[in-house]
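Sequence lines set the chain letters: A, B, ... in the order given, protein chains first and strands last, and positions in each chain run from 1.
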Amino acid sequence: EAGVVQSPRYKIIEKKQPVAFWCNPISGHNTLYWYLQNLGQGPELLIRYENEEAVDDSQLPKDRFSAERLKGVDSTLKIQPAELGDSAVYLCASSPRPDQETQYFGPGTRLLVL
Amino acid sequence: GENVEQHPSTLSVQEGDSAVIKCTYSDSASNYFPWYKQELGKRPQLIIDIRSNVGEKKDQRIAVTLNKTAKHFSLHITETQPEDSAVYFCAAVWSYQKVTFGTGTKLQVIP
């Protein structure tokens, strides 16, 4: 079984530029999460999807962050414009269904904003 | 919301010794407690978990204990090996899949 796939793995951009991250969850997993992980910290939830519906986006900074999961499979997280403080690892995770708490993480995208 | 505290932030042990990492949580409604291992530059991977109706769970050299009354749970690694070196995160799942992670413990096993 293929794991959660994320791309790109690394991204370096200048501040004020836009950036997008892509995630493909494990096949059949309906629940998808985007996390932000700062160095030396645990993952912090940005948004959670059940199929194509964003059921928890309370921690997503909506002034500059947006996400979509149009067909309920892969998802895109966007930052526009990026700020220096956005430098972090962006992790995607998925789980089979809402009542299954175990999450499977992707390798993450390491973002550096200069 | 839930608040999860994790201690210690760093831990060094000699190979073969035991390592214990402790987490406390604030929301008594939390009912699922996974532990993740994250090696440098890699994804977090689930190593063990425990539900609120269980007090202890063991998987080979790894065990987790849960004290619901005190709202704390611990990860125990026995007979540590160099490949156990990583950052370990605890987490608490509450209120329908809302999850809060601890701040992580960097474990170093010295050969």
Any side-chain heavy-atom pair of A/Q37 and B/F89 under 4.5 Å: yes

Does atom [atom1] ([X]) have a neighbourhood of more than 12 heavy atoms from anything else shown, all under 6.0 Å?
| X | atom1 | result |
| --- | --- | --- |
| A/E14 | CD | no |
| A/L84 | CG | yes |
| A/L39 | CG | no |
| B/Q81 | CD | yes |
| A/K62 | NZ | yes |
| B/E2 | CD | yes |

Interface moiety of A/E44 toward chain B, non-hydrogen atoms closer than 4.5 Å: neither

Residue, of B/A91, B/P44, B/G41, that accumulates the most heavy atom pairs under 4.5 Å with chain A: B/P44

Side chain to side chain contact (heavy atoms under 4.5 Å, CB included) between B/L46 and A/Q103, worked out: CA-CA 8 Å; B/L46 180 73; A/Q103 299 180 30; over 6 Å; no

Heavy-atom closest pair, residues B/R43 and A/P107: NH2-CD, 3.7 Å

Segment of B/Q6 engaging chain A (4.5 angstrom heavy-atom cut-off): neither

Contacting region of B/P34 [heavy-atom separation from chain A under 4.5 Å]: neither

Inter-residue atom distance A/L45.CG - B/F101.CZ, 0.5 Å rounding: 9.0 Å

